[in-house]
Amino acid sequence: MKKILVTGCLGQIGTELVTELRKRYGKDNVVASDIRKPEGNAIVEGGIFEIIDVLDKEKMLQVAKKYEVDTIVHLAALLSAVAEAKPQLAWNINMGGLVNALEVARELNCKFFTPSSIGAFGPDTPKDSTPQDTIQRPKTMYGVTKVSGELLCDYYHTKFGVDTRGVRFPGLISYVAPPGGGTTDYAVDIYYEALKNGKYTSYIDKGTYMDMMYMPDAINAIITLMEADASKLKHRNAFNITAMSFEPSEIAAEIKKHIPEFEIEFKPDPIRQAIANSWPNSIDCTCAKKEWGFKAEYDLAKMTKDMLEKLKEKEA
Ligand code: SER
């Protein structure tokens with residue numbers, strides 16, 4: 001990776017990925033892009049920034065050519081809850097954007113990363129220690145686009161030799177940019193509400209386990225996988241990775257250690273609860289560890305301490 005184009009860079013992942021890439025690879029070697037260009041935004045102001053609507057392939061190609069990028073990190077997509085509300089739009093953006101980005105990568109011989117998700121699994125998938133290679137019959141439009149995306153990336157690798165790589169992200173928790181309409185967002189909201197109001201009403205019911213990861217580990221995972229020796233990769237699209245698995249009462253109990261008066265109550269939202277119920281309790285990431293040395297630094301306790309400290313600083 002020498003010159004990297006990132007799409008959807010103002011989202012939850014992109015905001016932190018671009019910052020880290022600029023630090024590691026130099027700010028003239030990272031081309032940040034999004035469909036909007038808000039004034040005063042730190043990512044927009046902090047280096048190269050271009051407006052790209054991922055449905056406009058010609059514009060994407062033109063920007064990639066202009067900066068002679070050798071790597072594309074394609075992040076622009078709709079998340080699970082939004083995709084369930086607007087399934088046709090989700091198909092258009094998630095698949096249309098992906099095939100455009102893959103075409104640009106093919107034409108310019110770029111390395112390629114795009115995230116898949118625990119949403120690529122469904123109710124028929126083994127729920128505990130979900131293996132890398134297993135049944136993938138998701139029942140959500142988000143999941144349909146993620147499985148299709150994994151297959152499409154594999155196809156571009158075998159058919160055209162594009163160096164495609166990906167991970168199945170669990171719920172990502174962070175304090176810089178908010179997530180945009182996912183099922184796992186409760187595990188981000190809870191920290192904001194704990195500090196602001198000392199209580200949180202969870203739209204995910206108690207006892208619902210899902211995999212999660214703190215953003216610094218997610219950013220490291222992307223960079224480590226992209227820098228990994230290709231000859232070691234038996235899998236490509238996409239690797240199971242996780243840092244922890246918990247249910248809402250457990251994250252609440254951890255927050256209570258820092259904010260003793262914190263209270264959680266439950267009011268499950270039928271749509272997001274159904275999505276969560278169809279996802280694994282915890283996935284197995286042995287292949288990622290073996291093939292490219294995936295490692296997570298943050299567990300629930302370490303993440304909670306850091307989240308609360310950083311959010312307090314941010315809100316101060
Ligand atoms: N965090 C995502 C979502 O909930 C999962 O990939 O949609």
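Only this structure's heavy atoms are used, side chains among them; waters, hydrogens and symmetry mates stay out. In listed order, ligands and their atoms are each counted from 1. Sequence positions, counted from 1, serve as the residue numbers for this chain.
With salt bridges taken as basic N to acidic carboxylate O contacts below 4.0 Å, one links R165 and D163.
Taking distance alone, with nitrogen or oxygen atoms compared against 3.5 Å, D185 stays at or beyond that limit from ligand 1.
With sequence neighbours excluded, no residue forms a ring-ring contact (aromatic ring centres under 6.0 Å, His included) with F246.
Every pair passing side-chain hydrogen bond (donor to acceptor under 3.5 Å, both in side chains) that includes a residue from residues 221-233 is listed here, sequence neighbours excluded: Y25-E227, D229-S231.
No heavy atom of Y186 sits closer than 4.0 Å to any atom of ligand 1.
The protein heavy-atom contact nearest to atom 1 (N) of ligand 1 is T184 OG1, 2.8 Å. In terms of protein heavy-atom proximity, atom 3 (C) of ligand 1 is nearest to S80 OG, 3.3 Å.
Side-chain contact check for I173 versus M303: some heavy-atom pair is nearer than 4.5 Å.
Ligand 1 places these atoms under 4.0 Å from at least one heavy atom of S117: 5 (C), 6 (O). Those atoms of ligand 1 with a heavy atom of T183 less than 4.0 angstrom away are 3 (C), 4 (O), 7 (O).
Taking the six-membered ring where the residue is Trp, Y142 and W279 present tilted rings, their angle falling between 30° and 60°.
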